[in-house]
Protein chains: 2
Amino acid sequence: MPSIPPAPRVQTDASAELRVIALQMFAEHGYTATSLQQIADAAGYSKSSVLYHFRSKEALLEEALAPAVQTLGAFLDSTVARASSDELRSAFVVEFVDLLLEHRLAAHIIINQGQTLSDIPMMDEARRYIDCIGESFMSELPTTKQRIRLGIALAGAAYVLVASRPSVADIESVDEVREALVDVVSELIAGLNR
Amino acid sequence: MPSIPPAPRVQTDASAELRVIALQMFAEHGYTATSLQQIADAAGYSKSSVLYHFRSKEALLEEALAPAVQTLGAFLDSTVARASSDELRSAFVVEFVDLLLEHRLAAHIIINQGQTLSDIPMMDEARRYIDCIGESFMSELPTTKQRIRLGIALAGAAYVLVASRPSVADIESVDEVREALVDVVSELIAGLNR
DNA sequence: CTCTAATCTGACCGATCGGTCAGCGACTGC
DNA sequence: GCAGTCGCTGACCGATCGGTCAGATTAGAG
């Protein structure tokens with residue numbers, strides 16, 4: 001047992017490094033359009049090394065998305081309870097927007113490529129979570145207009161972040177964007193009870 | 001010159017048939033994930049026949065998207081003029097929603113796969129049109145919240161239609177969906193002047 | 001009938017894909 | 001010193017991709 005138990009190897013963890021790079025490239029160019037060779041080149045490794053750390057290309061995608069999907073699952077549990085309570089919906093909106101902001105790249109992949117990659121288990125799991133969140137509202141929203149309103153609020157907020165080019169990072173104004181998203185989505189959600 | 005000049009060959013026009021099938025498969029499974037062989041099989045032709053009618057796979061995509069992009073371009077011309085006029089904005093919303101409904105598959109491809117396929121000229125053209133429509137509003141909407149509001153309205157409406165599974169065609173309730181979309185988007189657009 | 005053009009196809013091509021495998025050097029515990 | 005594990009790599013594999021090409025089939029014009 002050395003005196004430095006955990007060891008500061010975190011800095012150059014190849015697996016974590018590959019997950020980040022793969023997530024960026026999958027989001028920017030698409031999963032099928034991104035080859036393992038391109039990921040390896042971008043990371044400074046060989047293609048064989050990538051497949052040493054990850055069983056397959058699909059496994060690399062799943063591990064890269066895992067944190068976001070896990071957070072989404074936890075978010076789902078807290079959603080079902082608070083969907084019916086009006087005052088708790090504002091907290092729901094804040095959490096929803098923060099989730100999108102924190103896992104922006106993963107959200108990009110799930111939203112834009114989820115339908116195409118439906119044969120990948122984790123991708124389908126994430127989409128089921130999203131559907132479930134929607135349904136926890138929908139059960140109380142029988143009319144088409146109410147369902148469209150909720151759809152525009154959630155899908156619109158997600159897509160505003162997702163559609164923006166990577167160059168439009170606007171790191172400084174992220175708080176401003178967050179506040180605006182919360183305001184507009186809250187307004188749409190509030191308009192459901194009418 | 002026979003007495004029937006144009007000839008009723010429209011029914012079995014191979015090119016048009018291939019455009020329709022390719023558009024469906026590109027939208028459902030993605031452009032890169034759909035091979036020319038799969039398109040040929042679905043249409044009942046050989047892969048060589050597809051490449052006889054279309055110079056390349058990319059040309060097939062562009063010709064399949066052409067009608068939608070052309071309509072989008074015409075829509076852009078009428079948009080710039082009416083963006084500044086409040087009472088004309090309601091007409092803008094109706095046209096926007098109808099455009100999405102009419103070219104649902106093409107919109108699906110452009111929205112979800114446009115960033116990935118940015119090397120295809122027509123795809124970039126369509127995205128420039130969309131950006132231009134947004135900017136014709138944005139120039140008068142300096143605050144972040146106003147821009148987010150418009151983004152949620154347009155992107156949300158587009159994505160509500162695009163995200164729905166093909167099985168959720170709801171042919172009967174299309175008018176109901178159309179009306180709900182127009183209402184909610186109009187409400188968000190109207191809220192810009194505040 | 002013949003000639004020609006349009007339509008369609010199978011065989012084939014080079015490139016690239018995801019994935020396997022044997023082996024390389026470096027580090028570690030004994 | 002030595003055996004064994006770990007991280008990594010190049011060579012290689014079968015499959016599939018988009019695309020080319022020569023030729024078979026068909027139909028219409030003269």
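Per chain, numbering begins at 1; letters A, B, ... match sequence-line order.
Closest-nucleotide positions on DNA chain D for B/S56 and A/H53 were compared, and the one nearer the 5' end corresponds to A/H53.
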Restricting to nitrogen or oxygen on both sides, can you table the protein-nucleotides 13-17 of chain D pairs closer than 3.5 Å?
{"unit_1": "D/dC17", "atom_1": "OP1", "unit_2": "B/S35", "atom_2": "OG", "d": "3.3"}

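The interatomic distance linking A/R55 (CZ) with C/dC21 (P) rounds to 16 Å, in whole Å. A/F54 has its CZ atom 13 Å from the C1' atom of D/dG7, to the nearest Å. When rounded to the nearest whole Å, the span between CG of A/L51 and P of D/dG7 equals 15 Å. With rounding to whole Å, A/Y45 atom OH is found 11 Å from D/dG7 atom P.
Between D/dC8 and A/Y52, no contact under 4.0 Å exists linking OP1 or OP2 to a side-chain N or O. A close approach under 4.0 Å does occur between a side-chain nitrogen or oxygen of A/S49 and OP1 or OP2 of D/dT9.
For A/R149 and B/E187, the salt-bridge test passes: some basic side-chain N is under 4.0 Å from an acidic carboxylate O.
Side-chain polar atoms of A/T116 and B/H29 form no donor-acceptor pair below 3.5 angstrom. If you check the side chains of B/T32 and A/T32, you find a donor sitting under 3.5 Å from an acceptor. For B/H108 and A/Q115, the side-chain atoms include at least one donor-acceptor pair closer than 3.5 Å.
Taking only side-chain atoms of A/S48, from C-beta outward, the nucleotide of C/dG10, D/dG19, D/dG10 with the closest atom is D/dG10.
Taking the six-membered ring for Trp and thresholds of 30 and 60 degrees, A/F92 and A/F75 have nearly parallel ring planes, at less than 30 degrees apart.
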List, one per line, each side-chain donor-acceptor pair under 3.5 Å for residues 150-157 of chain B, sequence neighbours excluded.
none

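At a cut-off of 3.5 angstrom, the base of D/dG10 holds no donor-acceptor pair with the side chain of A/S46.
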